[in-house]
Amino acid sequence: MTEPVVTRFAPSPTGFLHIGGARTALFNWLYARHTGGKMLLRIEDTDRERSTTAAINAIIDGLTWLGLTWDGEPVFQFSRAGRHREVAEQLLAAGKAYRCYASAEELTAMREAARREGRSKLYDGRWRDRDPSEAPPGVKPVIRLKAPLTGETVIEDQVQGRVTWQNSDLDDLVLLRSDGNPTYMLAVVVDDHDMDVTHVIRGDDHFTNAARQKQIYDALGWNVPRFAHIPLIHGPDGSKLSKRHGALGVDAYRAMGYLPEAMRNYLVRLGWAHGDQEIFTTEEMIAAFDLPAIGRSPARFDFAKLESLNGHYIRQTADIDLVAALEGLLPHIAGGDQLATRMTPALRAKLIAAMPGLKERAKTLIELFETSRFVWTDRPIEIDEKALALLTPQAKASIGALLPELQALSDWTAPAVEMVVRGFAERSGAKLGAVAQPLRAALTGRTTSPPIFDVLAVLGRDESLARLADQTVTS
RNA sequence: GCUCCCUUCGUCUAGCGGUCUAGGACGCGGCCCUCUCAAGGCUGAAACACGGGUUCGAUUCCCGUAGGGAGCGCCA
């Protein structure tokens, strides 16, 4: 009889949900799903100065977009301050904690001395056994944990393995601040315990915290959850992720035209692998995911691979869903209103018809937006420079000669149009490319597009003929 | 400085003592396909940081060195 797994994602709402946080959330979600357990969401908003509701919304939006759902209502850590205080008092009463009246100046002096002497233990425990009657008047004390002086603290980490700290290197951490508010160290322990969290999966920037938290668990006599500290994500140059690289909010990735399923697939392969498999459906991911398979070295963020994956998922998405995704993105991108304001059921149908040709060629929804422009732009269409170069006098003459044959066509489908154009090319002794490229330029205003016969079919008879006619008028 | 962690192609990674002339993917080069661009197929270049051990045998285990990272608050 094993206990049900409970994981949690515990962001602090001081900014957007960045890529590292998104992956942490993904891993927590995957592990919970894999084991049939739950993932809880806890907002660590005890830093009243920096926590904002805008950040809370950004985090929730980001998780929702990524499709990472949590169980139950989010827990707001600050609302539990009373409980945290109570636990600190309990520790105090049990003699496992003590009041410390050291001033900020004393603390600074201790830190400097420790550093100078090459010691890692910063606080010297001067109030540990001192009689409370010696307390200086008017000073509000903090409550510190009476941490073990000797022996070692061991963490059996699911990712990092067994890691040991000498207790002599760890000092008495503050549990309750002088203003009566809990520290992060106390709050996490109490909340994880009260929320019945069995697995703490978080970035390994929290790794050294785990040792100190273990000491709090031990003092309380509580069971220690399983820890899994996952390596951090670095920028392409191996340095810390900055805004220039990938430390953007997940909303930025959405605006760049990435699909949530592509993000998930990219993120899950950062630090985790399942043999040689690169592409995972959500179900496959859940089935295969496991903590010990997570690597221990940090990964670099690589846009090229994300793009490649995104292209794969775009190609795989049903045409109708892709158009829906594109429409959903319109409000978030520059120029998106150009298409949004034109959208009608008829245009939507046209776009869906164009998708098979377009999605083969797009790495992001932004590209899809750009390459679909020929479908929804109005005549006379804008012709870019390279396309203009294709429309030589001879090319225009060729279009002019082909036009009547197309006009005579009653069955306006890609195969029918193809027969006409191929026949025309053969009879005029030209290669297909020599007639196709000018057509492409005239119909799409670009030198690249989906197969030209598909373009003709998607545009429809009237629009196609009109665009071609536009180019045969010599100016 | 101290504590802890990490180190396989440019990047993400497989590898858990012999199967390694080190595999896959992205990216890059070439070829094929082809109306353009893609996609797809085939193909090429590309890595076990270094030095010691342990072992009959190390990419795999141990110890150093170098490099990188995280933490070291009455922040989270």
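- Rounded to an integer number of Å, the gap from CZ of A/R361 to C1' of B/A38 is 5 Å.
- With respect to the salt-bridge test (charged N to carboxylate O, under 4.0 angstrom), the residues A/R427 and A/E405 qualify.
- To the nearest angstrom, C1' of B/C4 lies 11 Å from CG of A/L170.
- The pair A/E106-A/R126 counts as a salt bridge, with a side-chain nitrogen and a carboxylate oxygen less than 4.0 angstrom apart.
- Checking B/G1 for Watson-Crick or G-U wobble geometry (two distances, each under 3.5 Å) identifies B/C72 as its partner.
- Residue A/H206 is classed as a base contact, given a heavy-atom separation below 4.0 Å to a base.
- A/L439 comes within contact range of no nucleotide atom at all, as no heavy-atom separation falls under 4.0 Å.
- A close approach under 4.0 Å does not occur between any side-chain nitrogen or oxygen of A/R269 and OP1 or OP2 of B/U11.
- Side-chain contact annotation: A/N167 with A/T150, donor-acceptor N/O pair under 3.5 Å absent.
- Between A/W165 atom CH2 and B/C2 atom P the separation is 18 Å, expressed in whole Å.
- In this structure, B/G10 forms a base pair with B/C26, meeting either the Watson-Crick or the G-U wobble geometry with both donor-acceptor distances under 3.5 Å.
- Ring planes of A/F280 and A/W272: tilted class, angle from 30 to 60°.
- Between the CZ atom of A/R300 and the P atom of B/U13 there is a distance of 11 Å, given to the nearest Å.
- When both distances must be under 3.5 Å, the Watson-Crick or G-U wobble mate of B/U34 does not exist.
- No salt bridge links A/R85 with A/E89; every basic N to acidic carboxylate O contact stays at or beyond 4.0 Å.
- Phosphate proximity of B/A39 to A/K363: present, with a side-chain N or O under 4.0 Å from OP1 or OP2.
- Using a 4.0 Å cut-off between charged side-chain N and carboxylate O, A/D45 and A/R80 make no salt bridge.
- Using a 4.0 Å cut-off between charged side-chain N and carboxylate O, A/R144 and A/D171 make no salt bridge.
- With 3.5 Å as the limit, one finds a donor-acceptor pair spanning the side chains of A/Y98 and A/D172.
- Applying the 4.0 Å criterion to OP1 and OP2 of B/C35, one finds that A/R422 has a side-chain N or O inside that range.
- Residues A/D290 and A/H274 have side chains that never bring a donor and an acceptor to within less than 3.5 angstrom of each other.
- Within residues 443-455 of chain A, the residues approaching RNA chain B are A/T447, A/T448, A/S449, A/P450, A/P451, A/I452, A/F453, by heavy-atom distance under 4.0 Å.
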Just the atom pairs and distances: protein N or O near nucleotides 28-32 of chain B's N or O, under 3.5 Å.
none

Report, one pair per line, the protein and nucleotides 7-9 of chain B atoms (nitrogen or oxygen only) whose separation is under 3.5 Å.
none

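- The distance from the CZ atom of A/R296 to the NE2 atom of A/H229 is 14.0 Å, given to the nearest 0.5 Å.
- Taking the six-membered ring where the residue is Trp, the centroids of A/Y258 and A/Y313 are separated by 6.0 Å or more.
- Side-chain atoms of A/R440 and A/Q437 include a donor-acceptor pair closer than 3.5 Å.
- Atom P of nucleotide B/U36 and atom CG of A/L456 are separated by 16 Å, given to the nearest angstrom.
- In this structure, CG on A/L92 lies 9.5 Å from CG on A/L176, to the nearest 0.5 angstrom.
- Pair assignment for B/U65 gives B/A49, based on Watson-Crick or G-U wobble hydrogen-bonding distances that are each under 3.5 Å.
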Contact list (N/O, under 3.5 angstrom) for nucleotides 42-49 of chain B vs protein:
none

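- Looking at A/E278 and A/K305, a side-chain N of the basic residue comes within less than 4.0 Å of a carboxylate O on the acidic one, giving a salt bridge.
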Just list the side-chain donor-acceptor pairs under 3.5 Å for residues 416-423 of chain A, sequence neighbours left out, or say none.
residue	atom	partner	partner atom	Å
A/E418	OE2	A/R422	NE	2.8
A/E418	OE2	A/R422	NH2	3.1

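- One side chain, A/S103 or A/E105, offers a donor N or O that lies under 3.5 Å from an acceptor on the other.
- Distance, A/D276 CG to B/C16 C1': 15 Å, rounded to whole Å.
- Among the protein residues, A/A102 comes within range of the nucleic acid bases, having at least one heavy atom under 4.0 Å from a base atom.
- A/Q160 comes within contact range of the sugar-phosphate backbone alone, with a heavy-atom separation under 4.0 Å but no base atom that close.
- Separation of the A/F301 and A/Y266 ring centroids falls under the 6.0 Å cut-off.
- In this structure, NE2 of A/H274 is placed 17 Å from C1' of B/C12, rounded to the nearest angstrom.
- Of the residues in residues 41-49 of chain A, those placing a heavy atom less than 4.0 Å from an atom of RNA chain B are A/E44, A/T46, A/D47, in numerical order.
- Between A/R115 and A/E112, none of the side-chain N atoms (NZ, or NE/NH1/NH2) sits under 4.0 Å from a carboxylate O, so this pair counts as no salt bridge.
- Of the candidate nucleotides B/C5, B/G73, B/G69, B/G69 has the atom nearest to the side chain of A/H234.
- Partner assigned to B/C16 is none, using Watson-Crick or G-U wobble distances below 3.5 angstrom.
- With distances taken from any side-chain atom of A/E360 to the nucleotides B/A76, B/G69, B/A39, the minimum falls on B/A39.
- Between A/R144 and B/C74 there is a side-chain N or O to OP1 or OP2 distance below 4.0 Å.
- Taking for each of A/R162 and A/A114 the nucleotide of RNA chain B with the nearest heavy atom, the 5'-most of the two is the partner of A/A114.
- The interatomic distance linking A/N310 (CG) with B/C26 (C1') rounds to 14 Å, in whole Å.
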